[in-house]
Each structure stands twice: as C-alpha cells, then as structure tokens.
2 protein chains.
Amino acid sequence: MLLSKSCVYGLRASLFLASREQGEFIPIRTMSDKLEISFHFLTKILQQLTAEGILESFKGPNGGVRLTKPGSEVPLMDIVLAIDGSQLLTECALGLPGCGIKNPCPLHDKWAETRDAIREMLEHTTLTELVDKGKAENLRLTTEGGFDILFDD
Amino acid sequence: MLLSKSCVYGLRASLFLASREQGEFIPIRTMSDKLEISFHFLTKILQQLTAEGILESFKGPNGGVRLTKPGSEVPLMDIVLAIDGSQLLTECALGLPGCGIKNPCPLHDKWAETRDAIREMLEHTTLTELVDKGKAENLRLTTEGGFDILFDD
DNA sequence: GGTTATTGAGACTCCTTTGTCTTAAAATAA
DNA sequence: TTATTTTAAGACAAAGGAGTCTCAATAACC
C-alpha cells in the first residue's frame, strides 16, 4: 500500500474541505457522514493536520475545521508528509538503512527515478485542481455516488 | 511503505540466489545468515515463492532452494506479485473500491500515470540486471559491507 | 448559569504484519 | 535402521496500524 489509510482519509477530507467555501468551518461529523469514514478516527487524523498547520479548527456550535490556505496552494504532498511522513520518498526500496548515492543498493538508481515520479505527482497536484476536475466531471470521493452528493443537505 | 517487509526480504533473497551458480541449491540458513534476516521468517517467505513456482526446493542434506529460471528471465514484478499481490498496481490512490476508467476518482488519471512508472520499473528490471550491477560496483544487499561479503565462506 | 455543539486527548480494543518456536516430513549418509 | 540435515507447516507472540469509546475543554445560545 502506497499511502496509509489515515493518509487516504486525510486526503479525501482535505478535498472535501477544498470543495467548500473558503473560510467556512465544516464540522467533522458532517465530513465523516458524507465521506463514510468513522467519526472518531477522522477526528484523530484531522487533529494531525491541524497540528501541522494545514487545517485550523474551532470548537463549539458552528465550529469545525477549515483549510488555513486556499486549496490551490495546497499540494497533496503537504497532506502526505503530515500524516505518513517522508518515508515513502526517502526509504530504500530494499529496506537498507542509509541507502543513498554514497552507499547505494543495486536498485537505488532505478527506484530513485520512480520515486521522483511519485514526488512530482504529489508536489504538482493541488487540492483545487482535483476538486475542479471532480466537480466538472462529477467524479466520486465516496464508494458510491458522484461529487454532487457531498453537497446535499 | 511501497513494498511489505516480506516482499523486500523476498527480493533480497532472490537477488542472492540469482548471484549464485544456476542449479545450485542454497540452504535458507545460509541466506538468512548472509542477508541478516530471521531464518524462520525467511523460510516462510521463500515457501510462498516456491508455491508460486519462482523457486524450487529440495529437502535434506545438500538441499535448499534455487530459482526455477535464469535470473535474466525473472523480473522483480514476479516476486512482488507473488508476495504482495497486485494491490499496488490496481488499487485506487484514494482507497475507493472499483475505481477505474469507468468510475474514477479525481486522482485516478494522475495516479494511473505514476503507477505505470512503477509497473514499468518492476517489469523491466530483472534479477540478473541488478546482480550484474551489484557485482560490478560492489553494491550492498545488507546493512553493511558490499556484494562481495555474500561470497565469503 | 445551564444546555448544547463541537474539537482535543487519551485509553482501549481489534486486526494485520512481523517475527519466533516447535514439530513433522523428506532426503542423505553412516 | 538410525542420525543428521534440510524444508514444510502451523501454532504462537510481539508490534504497529486501524478503529472505538469516554471524558474534558471550549464556544455559542437560551
């Protein structure tokens, strides 16, 4: 598995937030319902994103969480790093500690190329880009239904 | 983590086997010692590769395991599929079941490209290719020491 | 002030992966 | 046939990720 489940949930939730009016606080309960993710689990994940400064939260009625920056300025990489760390982008494919240009394993060069492709993708794809695509083509963030169901009330 | 630990161990062991004379049975104990992998754990992993027909085994004195085909005909993909399955190459990056061209998530297209890069790399890299590189440059398959230490007796 | 809606924090359970151990089965050699 | 060397199989334990639950803290509204 490339990304942990926590990370995937974090990405889906971030996309959901980016699809809403910026500045609006969205209750986690709303997101967990719409995205079909366990409320308590999602809460823990979003706490990490809040701690990293990607989200900000507000307690009490009309509270919730929101992005600290416009989704167009948030690459997927930010969320991946906040939740899964840099492991994916630094670790040796053969699991050898300290594998690098200085002291590589036989797979190092080839893997470094592939890894760069992953890095590029995560760095150059923003939340807004995906949200726009999702809205335009009514793509899905949930098991069933399209983007539109996220806006039913 | 891209590949499971079992898969990484399976790759290292397969590279070790490909570095030896073809046809020679190598005891798993020898490999677990040289590669610094738990003997019992490695045994279980190699049993999977044997079950998949990538290795064949022989019990008793002078027994061990060996590749069923020359290492030049074994792409890394074979080992990855045998141990981790096709998950990595088929699964949606956002974890949505049934994500595909028909019913994609917003990340689908971008992820499909990246995934193809991984697939290409695994399909087009053979054990022998890495072994040759490892021998030529004395690269490592273990935490310390180069390729040569695998041949000390 | 009291009630309600919300996030924060931490204990706890459950499941999968990782790793260990024991015993059986097979092959060899004495 | 007996002892030895090896893989095979499966039970078991340890660790980490995934998920649940409870209670505290904060803010709004009545």
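Just so we're on the same page: letters track the sequence lines, and every chain starts at 1.
The NZ-P distance, from A/K5 to C/dT16, rounds to 10 Å in whole Å. Taking atom CD1 of residue A/I37 and atom P of nucleotide D/dG19, one finds them 9 Å apart after rounding to whole Å. As rounded to whole Å, 14 Å separates atom C1' of D/dT6 from atom CG of B/D33. B/E56 has its CD atom 18 Å from the P atom of D/dT6, to the nearest Å. Atom CD1 of B/I83 and atom P of C/dT18 are 10 Å apart (whole Å). The CD1 atom of B/I45 sits 15 Å away from the C1' atom of D/dA8 (whole-angstrom rounding). The separation between A/L46 atom CG and C/dT7 atom P is 9 Å, rounded to whole Å. Rounded to whole Å, atom P of D/dA8 lies 14 Å from atom CZ of B/R29.
Within the 4.0 Å cut-off from OP1 or OP2 of C/dT18, not a single side-chain nitrogen or oxygen of B/Y9 is found. Distances shown here put a side-chain N or O of B/S38 below 4.0 Å from the OP1 or OP2 atom of C/dT20. For A/S6, a side-chain nitrogen or oxygen approaches OP1 or OP2 of D/dA18 to under 4.0 Å. Under 4.0 angstrom from either OP1 or OP2 of D/dA8 there lies at least one side-chain N or O belonging to B/S57.
With hydrogens and angles ignored, the 3.5 Å screen pairs no side-chain donor or acceptor of A/R115 with any backbone N or O of A/C92. Of the possible donor and acceptor atoms, none in the side chain of A/T68 sits under 3.5 Å from a partner among the backbone N and O of A/L55. The main-chain N or O of B/G145 is never found under 3.5 Å from a side-chain atom of B/R140 such that the two would form a donor-acceptor pair. Judged by distance alone, with hydrogens and angles left aside, the side-chain atoms of A/T126 form a donor-acceptor pair with the main-chain N or O of A/E129 at under 3.5 Å. Here the side chain of A/K44 pairs no donor or acceptor atom with the backbone of A/S6 at under 3.5 angstrom. For A/S4 (side chain) and A/D84 (main-chain N/O), no donor-acceptor pair under 3.5 Å exists by modelled atom type.
Ion pairing between a basic and an acidic side chain is recognised when a charged N comes within 4.0 Å of a carboxylate O; A/D116 and A/R119 show such pairing.
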Counting primed atoms, P, OP1 and OP2 as sugar-phosphate and everything else as base, the B/S/- map of nucleotides 21-30 of chain D against protein heavy atoms under 4.0 Å is BB--BBBSS-

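Comparing A/S4 and B/G63 against DNA chain D, the residue whose closest nucleotide sits nearer the 5' end is B/G63.
Within a 6.0 Å radius of CD in B/E56, more than 12 heavy atoms belonging to other residues, nucleotides or ligands are found.
End-to-end axis angle of the helix from C/dG1-D/dC30 to C/dA30-D/dT1, from C1' rotation axes over five pairs per end: 10° (rounded to 10 degrees).
Looking at heavy-atom distances under 4.0 Å, B/I28 makes contact with sugar-phosphate atoms alone, never a base.
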What do the steps show when you test B/L2 against A/T114 for side chain to side chain contact (heavy atoms under 4.5 Å, CB included), and what is the final call?
CA-CA 11 Å; B/L2 189 80; A/T114 309; over 6 Å; no

